[in-house]
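In listed order, ligands and their atoms are each counted from 1.
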Amino acid sequence: MKRILIIALAACLVFAMAACNTGGGSTAEPAGGSGGGSAVAEPTGDTIKVGVSMPTKSLQRWNQDGDNMKKELEAAGYEVDLQYAGDNEIPLQVTQLEDMISGGCQVLVIAAIDGSSLGSPLEQAKEAGIPVIAYDRLIMNSDAVSYYATFDNWMVGTYQGQYIVDTLDLDNQEGPFNIELFTGDPGDNNINFFFGGAMEVLQPYIDEGVLVVPSGQTEKAQAATESWSSEKSQARMETLISSQGYSPTGTKLDAVMCSNDSTALGVTNALVGAGYTEADFPIITGQDCDVTNTNNMLKGLQSMSVFKDTRTLAAQVVKMVDAIAKGSEPEINNTSDYDNGTGAIPTYLCEPVVCTADNYVELLIDSGYYVDAGNGEVKAAE
Ligand code: BGC
């Protein structure tokens with residue numbers, strides 16, 4: 001049903017474009033114009049305007065996502081309204097989306113700060129017939145969401161868990177090995193996949209007693225880190241260090257499962273502060289291959305990250321926007337796993353890849369994602 005609606009909306013969008021192209025400056029109905037649509041400004045040119053809403057400027061990946069989306073959409077002939085919601089400010093994201101709708105955007109691409117907090121602009125988008133693509137994070141409990149594009153987030157979690165299992169050789173060792181668990185913002189639906197995937201791999205070893213979580217903090221809510229904040233993960237790790245007595249000479253800490261790089265960074269900072277060095281550093285997992293974390297991997301202060309090439313995701317979303325605009329079906333490779341509470345959202349999953357100090361050159365440098373800074377570090381490509 002949702003797909004039929006989207007195709008109908010797309011047809012309206014194509015019709016609107018055609019009307020603009022031939023109408024000598026006359027205005028066209030916004031995509032799927034619902035008749036009333038008073039909140040929606042009519043497009044004034046013949047170029048389709050796409051609203052791209054990103055959650056924060058303060059984490060490297062979203063700046064890359066935003067830049068890539070803008071560059072690729074513009075190259076494909078779209079006009080782009082790119083907005084960052086400050087530093088994860090939900091009311092700002094709501095206002096920015098409302099402005100995009102009233103400013104004539106005909107497709108919205110949204111990386112939600114909190115997957116359940118965009119009620120009002122989503123209702124407006126739906127009423128105005130504006131297709132919504134959830135970007136990276138699924139938007140929950142809204143039937144305004146047309147498509148979802150992300151990485152295989154469950155796979156990200158299983159890669160992190162499996163890395164710990166393999167590195168500690170848990171299938172052949174009796175242990176017990178001590179581990180602590182860190183995941184991300186409770187409002188980000190992705191943590192259900194990251195944490196769920198990692199725990200699917202780790203739980204059997206915890207059940208057998210080969211892995212032990214000395215703090216007892218094994219629930220997702222206990223492992224969560226508000227806003228994915230490095231300061232908050234650092235503070236929690238510092239508390240765990242003092243409550244459990246972790247140190248290179250005290251209680252042994254073998255691994256910290258971190259769902260992403262910003263949480264890993266805080267954990268690494270706390271461990272360095274507690275006297276750990278590359279010679280005795282616990283296994284730390286991450287995700288995103290942020291510059292700082294990649295350099296920490298090269299220094300032995302983080303073990304792995306999961307590389308999610310933001311260029312691939314942006315390119316896929318541009319293809320989705322293009323298909324919608326042309327009235328065809330976007331490429332989808334998952335129709336069952338990403339239910340947002342209103343039904344499974346047609347999804348395209350990109351593939352994440354494990355990155356370590358052993359393969360970063362091939363993944364990050366040879367692909368042009370980063371450049372070699374010449375001092376044993378990487379830096380952002382110009
Ligand atoms: C993304 C991760 C990112 C995290 C924090 C998640 O939704 O999938 O790549 O590290 O948000 O921004």
*For K308, counting its heavy atoms only, list the atoms of ligand 1 lying under 4.0 Å from any of them.*
1 (C), 2 (C), 8 (O), 9 (O)
*What atoms in ligand 1 come closer than 4.0 Å to a heavy atom of W228?*
4 (C), 5 (C), 6 (C), 11 (O)
_So is F194 touching ligand 1 or not, going by heavy atoms under 4.0 Å?_
yes
*Side-chain donor-acceptor pair under 3.5 Å between N293 and N296, yes or no?*
no
_A cation-pi test, strictly: NZ or CZ of K57 under 6.0 Å from the centre of the six-membered ring of Y84 and no more than 45 degrees from its axis. Yes or no?_
yes
*Salt-bridge test for D261 and R61: reply yes if a basic N is under 4.0 Å from a carboxylate O, no otherwise.*
no
*Given the side-chain rings of Y369 and F307, with only the six-membered ring counted for Trp, is the space between their centroids under 6.0 Å?*
yes
*asked:* Can a side-chain donor-acceptor contact be found between N260 and T263 if the only test is distance below 3.5 angstrom?
replied: yes
*Going by the order shown, which atoms of ligand 1 are within less than 4.0 Å of some heavy atom of N260?*
3 (C), 4 (C), 5 (C), 10 (O)
*Answer yes if the side chains of D188 and W228 hold a donor-acceptor pair under 3.5 Å, and no otherwise.*
yes
_R137-ligand 1 polar pair, N/O distance under 3.5 Å_ = yes
_Please list the nearest protein heavy atom to atom 8 (O) of ligand 1 with its residue and the distance rounded to 0.1 Å._
D136 OD1, 2.7 Å
*Between R236 and Q217, is any side-chain donor less than 3.5 angstrom from a side-chain acceptor?*
yes
*How does T150 reach ligand 1, by side chain, by backbone, by both or by neither, if only non-hydrogen atoms under 4.0 Å count?*
neither
*asked:* Using a 4.0 Å cut-off to any heavy atom of W62, which atoms of ligand 1 qualify?
replied: 1 (C), 11 (O), 12 (O)
*Provide, to 0.1 Å, the distance between atom 3 (C) of ligand 1 and the closest protein heavy atom, together with that atom's residue and name.*
D288 OD2, 3.4 Å
*Numbered atoms and elements of ligand 1 in range of D188, under 4.0 angstrom, heavy atoms*: 6 (C), 7 (O), 11 (O)
_Suppose I only count heavy atoms of L59 and a 4.0 Å limit; which atoms of ligand 1 are within that range?_
5 (C), 12 (O)
*Have Q93 and Q83 got a donor and an acceptor in their side chains that come within less than 3.5 Å?*
no
